[in-house]
A.B. asks: 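Pasting a structure below so you can have a look.
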Amino acid sequence: MSAARNFDDLEYQQALGSPSPPTFERPEQYPAALPAQESKPAGPLKRDLVAGLEKGLAVIEAFDQERPRLTISEVAIRTGLTRAAARRYLLTLTHLGFVTQDRKMFALAPRVLRLGQSYMHSARLPRIVEPELHKLAFALKEASSAGVLDGDDVICIAATNSGRLVAPALQPGMRVPAHCSGNGRVMLAALAPAELDAWLARQQLTALTPHTITQPERLRQEIARAGSLGYACIDQELELGLRTVAVPLKNYRGEVVASLNICAHASRMSMEQLLEQCLPPLLQAQTHLRMLL
């Protein structure tokens with residue numbers, strides 16, 4: 001075994017702390033306060049991570065709706081890579097079929113959809129939620145979707161509509177800002193206070209409509225209100241004309257794992273009508289899904 005490996009193992013054991021606290025035979029031997037043991041590492045050790053995979057995925061995520069085509073320099077800026085490294089990753093992804101190249105411009109190829117398909121076909125959550133979405137859409141004649149919190153956004157994992165409303169966000173894989181979506185609010189309400197503080201501290205609350213809440217303290221109040229009520233209402237904050245009511249989806253342990261909403265157009269339904277007609281079926285779906293999650 002190499003000296004470097006021995007040093008790594010020693011460093012790891014020190015990070016874990018001693019296996020048991022010291023013992024004392026007489027009371028006077030106890031110190032005034034024992035130093036707290038260091039906690040175990042929160043995640044894997046750096047030497048166990050594959051940096052190349054992490055950077056390759058960051059290159060794929062650099063492309064979005066606003067910037068579907070990027071140069072090598074733009075990818076380098078958006079990912080924090082050097083230009084030479086960005087070039088190598090782009091050429092590798094092009095060779096593998098995940099990226100296309102047109103002179104100096106690069107874009108994602110349809111093959112990237114395989115990554116999303118792998119989740120949709122293998123993940124348990126979308127398969128469990130989809131039947132409930134169809135029941136809600138059929139009974140209420142309104143659109144319904146389910147989402148999960150991912151950083152600053154909510155990712156739609158399943159969606160359906162009655163044919164009366166087509167919203168861009170109601171497609172699996174679409175991302176919407178968590179701060180102005182019903183699904184986002186109810187999941188943010190489930191965060192621990194310290195986690196919510198950290199989340200709010202890093203936000204740039206963009207106004208997507210004149211109704212969007214962009215004041216941190218007011219948003220905090222609305223998140224707390226959603227937690228207290230057990231549901232969140234969004235009145236045209238994400239999109240003009242779109243009203244939403246959402247509830248959290250909990251597993252059998254009571255942990256919030258996703259969220260479920262009903263969307264209606266403001267011209268057809270007031271917020272009071274939305275709550276009266278759509279919240280009870282949502283709560284029923286929430287109760288049913290808790291037994292399955």
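These numbers come from the heavy atoms of this one structure, side chains and all, not from hydrogens, waters or symmetry mates. Since we're looking at a predicted model, the values are computed, not measured.
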A.B. asks: For R225, is the CZ atom crowded, meaning more than 12 foreign heavy atoms sit under 6.0 Å from it?
C.D. replies: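 Counting other residues, nucleotides and ligands, CZ of R225 stays at 12 neighbours or fewer.
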A.B. asks: For R185 and E222, indicate whether the former's side chain and the latter's backbone hold a donor-acceptor pair under 3.5 Å.
C.D. replies: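 Side chain of R185 to backbone of E222, a donor-acceptor pair under 3.5 Å: no, none is there.
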A.B. asks: Are the side chain of T212 and the backbone N or O of E237 linked by a donor-acceptor pair below 3.5 Å?
C.D. replies: yes
A.B. asks: Are the side chain of N251 and the backbone N or O of E255 linked by a donor-acceptor pair below 3.5 Å?
C.D. replies: yes
A.B. asks: With clusters defined by side-chain heavy atoms of hydrophobic residues (ILVMFWY) lying less than 4.5 Å apart, directly or transitively, does L136 cluster with L293?
C.D. replies: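 Looking at the clustering, L136 is in the same group as L293.
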A.B. asks: Ignoring hydrogens and geometry, is there a side-chain-to-backbone donor-acceptor pair from W199 to L191 under 3.5 Å?
C.D. replies: no
A.B. asks: Side-chain donor-acceptor pair under 3.5 Å between N261 and S145, yes or no?
C.D. replies: yes
A.B. asks: Can you tell which of I72, T71, L70 makes a side chain to side chain contact (heavy atoms under 4.5 Å, CB included) with M105?
C.D. replies: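 Only match with M105 under side chain to side chain contact (heavy atoms under 4.5 Å, CB included): T71.
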A.B. asks: Could you tell me whether R218 atom CZ has more than 12 heavy atoms of other residues or ligands within 6.0 Å of it?
C.D. replies: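 It does not: R218 CZ has 12 such atoms or fewer within range.
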A.B. asks: Between E74 and R67, does any NZ, NE, NH1 or NH2 come within less than 4.0 Å of an OD or OE carboxylate oxygen?
C.D. replies: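 Judged by the 4.0 Å cut-off on N to carboxylate O distance, R67 and E74 do form a salt bridge.
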A.B. asks: One pair to check against side-chain contact (heavy atoms from CB on, under 4.5 Å): L149 and L188. What are the steps and the verdict?
C.D. replies: CA-CA 8 Å; L149 189 63; L188 290 172; 4.0 Å; yes
A.B. asks: Hey, are E61 and R78 close enough for a salt bridge, meaning a charged N less than 4.0 Å from a carboxylate O?
C.D. replies: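 No.
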A.B. asks: What verdict does the side-chain contact (heavy atoms from CB on, under 4.5 Å) test give for T100 and T94, after you've listed the backbone C-alpha separation in whole Å, the side-chain angles of each residue and the deciding distance to 0.1 Å?
C.D. replies: CA-CA 6 Å; T100 61; T94 300; over 6 Å; no
A.B. asks: Looking at R87, I want to see if its CZ is surrounded by more than 12 non-hydrogen atoms of other residues, nucleotides or ligands under 6.0 Å.
C.D. replies: no
A.B. asks: Any chance the side chains of E132 and H288 put a donor and an acceptor closer than 3.5 Å?
C.D. replies: yes
A.B. asks: Less than 4.0 angstrom from a charged side-chain N to a carboxylate O is my criterion; do D197 and R202 meet it?
C.D. replies: no
A.B. asks: Any chance you could lay out the side-chain contact (heavy atoms from CB on, under 4.5 Å) test for Y231 and V245, step after step, and finish with the verdict?
C.D. replies: CA-CA 7 Å; Y231 63 88; V245 58; 4.2 Å; yes
A.B. asks: If two hydrophobic side chains count as joined below 4.5 Å and joins carry through other members, does L115 share a cluster with V99?
C.D. replies: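 The answer is yes; both residues are in one hydrophobic cluster.
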A.B. asks: Between L283 and M269, is there a shared hydrophobic cluster once you connect ILVMFWY residues whose side-chain heavy atoms come closer than 4.5 Å?
C.D. replies: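 Yes, L283 connects to M269 through the hydrophobic network.
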